[in-house]
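As structure tokens, the structure follows; a few thoughts come after it.
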Amino acid sequence: MDSSNVVLMGFVASLCASMGTTLGSLGVLTIRKLSVRTEDGLLSMAAGIMLAATFFSLLLPALEYAGKDNHQPVLGALEVGLGVFLGAGCLYFIHQNVPHEHFGTGKEGRESTQLGRIWLFVMAITLHNFPEGLAVGVGFAGGELKNGVTLAIGIGLQNFPEGLAVSVALMSVGYTPLKSAGIGILSGLVEPVGGLIGGLAVATMEAFMPWALAFAAGAMLFIISDEIIPQTHQRGYQNLATFSLLIGFIIMMILDVALA
């Protein structure tokens, strides 16, 4: 694929992945409440899918590209490792400085008296979804259609339980089912923006493909470790959460092999 196709594919694939959020959010129109056990299980399975997608579709290609560029596998691995830290560090910096509020763990980032609570929730969801779209976009690095499509499917699958959980949580703090579904759907539309930026990055800076892939992987790993795992391990269902994560990982691993 030429550079314009990489950008287009990144955008379209991340847009398709965001449809998982749409379907999940619409589920709040029929499912008005999730038990803590069900929510922790679904979110952990989503984390497992994200973890496998990060490894198979981002880190492995990044190591391959870096090894070819350096002709030294160890130096390539060090380069990818630095890229992972940069991605995680960038997201950490944003989380520390952008005011937002998570449904389970409360407010984070700088205090804001000007933003209403709903906007703090929206900011948190945006910070969560943007790296996923970015990952799909950079997944097409080097014209790797299989990696990009696998990532888009994986992200789309894990978006479904996340979209449902977000919309149910919005309803639990006083919003109507229709408004909760609408906000959930809108939150997913940041993913195509991330996909477009990711596609542009790898299309215009080919030499930085391993860095872009590793950066996206670091951002995804930060979300998994900093947000999802703590949230699903603090309400008494940590064993269920652990095995649900493993199930999600295995599902994504099988999907990756099936699409190879």
Side-chain angles (χ1 to χ4, degrees), residues 7-34 38-50 52-54 57 100-104 118-140 148-199 216 219-220 223-224 227-228 231-232 244 248 251-252 255 259:
V7 175
L8 180 61
M9 288 297 292
F11 175 76
V12 172
S14 56
L15 180 62
C16 291
S18 73
M19 292 300 103
T21 302
T22 298
L23 293 174
S25 298
L26 289 173
V28 79
L29 300 178
T30 54
I31 302 172
R32 302 299 177 88
K33 187 176 181 180
L34 289 174
T38 301
E39 184 178 343
D40 285 350
L42 288 174
L43 289 177
S44 293
M45 187 179 297
I49 292 172
M50 288 175 66
T54 298
S57 297
H100 59 285
E101 181 172 353
H102 296 286
F103 296 106
I118 183 60
W119 291 109
L120 293 175
F121 285 144
V122 170
M123 289 300 297
I125 299 165
T126 300
L127 290 173
H128 183 108
N129 285 344
F130 180 81
E132 296 174 2
L134 181 70
V136 173
V138 301
F140 288 94
V149 170
T150 302
L151 265 169
I153 294 174
I155 296 298
L157 286 174
Q158 64 92 31
N159 275 343
F160 182 85
E162 284 186 354
L164 177 60
V166 164
S167 295
V168 168
L170 283 167
M171 203 170 68
S172 72
V173 295
Y175 294 95
T176 65
L178 195 59
K179 190 169 185 179
S180 298
I183 294 170
I185 292 169
L186 289 174
S187 74
L189 295 182
V190 72
E191 289 191 9
V193 178
L196 182 62
I197 293 173
M220 293 266 282
I223 292 171
I224 296 167
E227 292 184 21
I228 303 179
Q231 179 179 337
T232 56
S244 296
I251 289 172
M252 188 63 202
L255 180 63
L259 292 176

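By convention here, the first residue in the shown sequence is residue 1.
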Would you name the heavy atoms of [X] and [Y] that are closest together and state the gap between them?
| X | Y | value |
| --- | --- | --- |
| S187 | T21 | OG-CG2, 4.0 Å |
| V149 | F140 | N-CZ, 3.9 Å |
| A53 | L151 | CB-CD2, 3.7 Å |
| P131 | M220 | O-SD, 4.2 Å |
| L42 | P161 | CB-CB, 3.7 Å |
| V138 | A216 | CG2-CB, 3.6 Å |

Rounded to the nearest 0.5 Å, what separates atom [atom1] in [X] from atom [atom2] in [Y]?
| X | Y | atom1 | atom2 | result |
| --- | --- | --- | --- | --- |
| L23 | I185 | CG | CD1 | 9.0 Å |
| L26 | F160 | CG | CZ | 9.0 Å |
| I153 | I49 | CD1 | CD1 | 11.5 Å |
| I251 | L157 | CD1 | CG | 8.0 Å |
| Q231 | S44 | CD | OG | 9.0 Å |
| I155 | M19 | CD1 | CE | 14.5 Å |

Side chains of residues 162-170: which donor-acceptor partners sit under 3.5 Å, not counting sequence neighbours?
| unit_1 | atom_1 | unit_2 | atom_2 | d |
| --- | --- | --- | --- | --- |
| E162 | OE1 | H128 | NE2 | 3.3 |
| E162 | OE2 | H128 | NE2 | 3.0 |
| S167 | OG | S25 | OG | 3.4 |
| S167 | OG | G163 | O | 3.2 |
| S167 | OG | S180 | O | 3.3 |

State which residues pass side-chain hydrogen bond (donor to acceptor under 3.5 Å, both in side chains) with S244; sequence neighbours excluded, sorted by chain then number.
-> none

For D40, side-chain hydrogen bond (donor to acceptor under 3.5 Å, both in side chains) partners two or more places apart = R235

Sequence neighbours left out, what passes side chain to side chain contact (heavy atoms under 4.5 Å, CB included) with F130? Give chain and number order.
-> V190, V193, I197

Quick one: side chain to side chain contact (heavy atoms under 4.5 Å, CB included) partners of P177, sequence neighbours excluded?
-> L29, R32, M171

Donor-acceptor contact below 3.5 Å, side chain [X] vs main chain [Y]:
| X | Y | answer |
| --- | --- | --- |
| T30 | G27 | yes |
| T54 | M50 | yes |
| N159 | G24 | no |

Taking only residues at least two apart or on different chains, which pairs with a member in residues 10-19 satisfy side chain to side chain donor-acceptor pair (under 3.5 Å)?
-> none

Side chain proximity check, K179 to V28, heavy atoms < 4.5 angstrom = no

Do T150 and M252 come close enough that some side-chain heavy atom pair is under 4.5 Å?
-> yes

